Amino acid sequence: MRITLSVIKADIGGFVGHSESHPDILAKASDCIEKAKKDGLLIDYHVTKCGDDLQLIMTHQQGVDDEKIHKLAWDTFVDCTEVAKKLKLHGAGQDLLADAFSGNVRGMGPGVAAMEFEERKAETVIIFMADKTSSGAWNLPLYRMFADPFNTVGLVIASNMHNGFSYEVHDVKEHKKITFNTPEEIYDLLVFIGAPSRYMVKPVYHRDPSEIAASSSSQRLSIIAGRYVGKDDPVCIVRSQGNFPAVGEVLEPFTLPLLVEGWMRGSHHGPLMPVSVQDSTPTRFDGPPRVVALGFQLAGGKLIGPRDMFADKSFDNARQQANDIADYMRRHGPFEPHRLPLEEMEYTTMPQVVEKLEGRFTSLE
Ligand code: F6R
Ligand code: MG
Ligand code: MG
C-alpha cells in the first residue's frame, strides 16, 4: 500500500511570548483536521506542538505536494490564527506570509516535510520537530545517522545498509541542488553540509534498492521574506529499522547538543536540547533551542503512536550538557560566536543600525 506521510507546520501564535502553544490552538487544529479525515482525504493524523509551532502530522494517498493537503493545512493555520487573535497570543499568524493560498504552502511561510513510500511489513518512522532553530539543524544529525559508522554500526555490520545512502543537498541561496553518494563522497558532502546556513540536506535515499529514507523541511523564512520574520523551526521525517538505521541509531546523534543558530531573536547560536513534547517550552533567553522526536508504527497508513522518544532518561545527560553549554554561551552576551556572524545578522536589526549610522562612518585615511 502506497502511503504519503506529510508534516506541515507553522508558528501561528505563541503562549506566552514565543515559548509554547496554547491548548485552544491545538484543539482547533484537531477539529479542522478531523473533518478532513471524516471526508476521506486523510487516512490518519496527529496534531502536536514543538514550542510555539503547531505541527500537523498527516497520512494519506494523495502524494507529496498535493494541493488538497496543502490547502487543508493552510486553512487550518488560518482558522487557528483566528483563535490566536481572539486570545491575543503573541505573533498571531506570524508564519502566514501570503494573504491567500495559491496551490502550495511552500514559499508561503509554513514548513513542509513529506515522503511517499510502499508501507513495509513494519513501517517505523520517527518525526523530528525543532523550535528556535533554522533548517540546516538536521545536517549533522542526518550525516551521523546515514553516513557515520561511529554512530550507525549497521553501516558496518548490516549487509542491507553496507552500500550506503545518497544525500540530496540544496543550496538555498543559489536555488540549486546536488546529490552525493556515501560513503565514497563523504569528504565532498561535508564541505557543503558543514555550512548549514546555506546548504541543507533535503531527502536521503537508501542506494540499493533506491528508497526514500529521510526528508526534511528546508525552506528559510528569512530568505523567502527578505527580512527576519521568525525562525524556520524545521521538521524532518526518518524511516527506521530494516534497510534503515535502527531507532537507537536514528536517535543517537541527538546525544550531542549541537550548536545551531536561532536562539533569542533568531540571532544567536545555542545548543539543541532533545526534550519531550511537554518540555518543548523554550523560556531561558527564549531558548535554548529544542528538538522533539515522535515515533510511530504505520498500519495501513494509521499512525500507531506516538511514542515520545526523547522523554527517555538516557537523554538526561544531553539535556544537562545543553544547559551547561547554554550557561557558557550566554556569558558571551552580544559577542560572536554566541551572536551570529554579520552575514546572518543581515536579516535582523543590523541593516537599520547601519543605515542610521551611515553618515558617521569616515575614512580611516
Ligand atoms: C522567536 C524568537 C524570539 C523572538 C523574541 C522577540 O522565534 O526567537 O526570541 O525573536 O522574543 O520577539 P518579538 O519580536 O515577536 O517581540
Ligand atoms: Mg513564535
Ligand atoms: Mg517557533
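From a predicted model like this one, the values you see are computed outputs, not experimental measurements. Counting convention: from 1, in listed order, for ligands and their atoms alike. Each residue takes its place number in the sequence, starting with 1.
Of the N and O atoms on the side chains of Q320 and D316, not one donor lies less than 3.5 Å from an acceptor on the other residue. Between the side chains of Y205 and E168, no donor-acceptor pair of N or O atoms lies under 3.5 Å. If you check the side chains of E252 and N151, you find no donor sitting under 3.5 Å from an acceptor. In the model, H332 has no side-chain atom that pairs as donor or acceptor with a side-chain atom of R339 under 3.5 Å.
Here the N, O or S atom of D52 that is nearest to the Mg ion (ligand 3) is OD1. Closest N/O/S atom of D11 to the Mg ion (ligand 2): OD2.
Taking 2.8 Å as the threshold, D53 counts as a candidate ligand of the Mg ion (ligand 3), since one of its N, O or S atoms lies below it. At a cut-off of 2.8 Å, H18 coordinates the Mg ion (ligand 2) through an N, O or S atom.
H338 and F285 have tilted rings, their planes meeting at an angle from 30° to 60° on a 0 to 90° scale. Aromatic ring orientation, Y143 versus Y167: tilted (interplanar angle from 30° to 60°). Ring planes of W138 and F254: perpendicular class, angle over 60° (limits at 30 and 60°).
With a heavy-atom cut-off of 4.0 Å, Q94 does not touch ligand 1 at all.
The N/O atoms of D52, backbone and side chain alike, include none that comes under 3.5 Å of an N/O atom in ligand 1. Looking at D286 next to ligand 1, an N or O pair under 3.5 Å apart turns up. Checked by distance only, ligand 1 and D233 stay at 3.5 Å or farther apart across all their nitrogen or oxygen atoms.
If you number the atoms of ligand 1 from 1 as listed, the ones under 4.0 Å from a heavy atom of K132 come out as 7 (O), 8 (O). Residue-ligand proximity, H90 to ligand 1, at heavy-atom distances under 4.0 Å covers atoms 13 (P), 15 (O), 16 (O). Every atom of ligand 1 with a heavy atom of M264 under 4.0 Å away is listed here by number and element: 9 (O).
When rounded to 10 degrees, the angle formed at the Mg ion (ligand 3) by OD2 (D233) and OD1 (D131) equals 90°.
In this structure, K49 does not pair ionically with D131, as no charged nitrogen and carboxylate oxygen lie closer than 4.0 Å.
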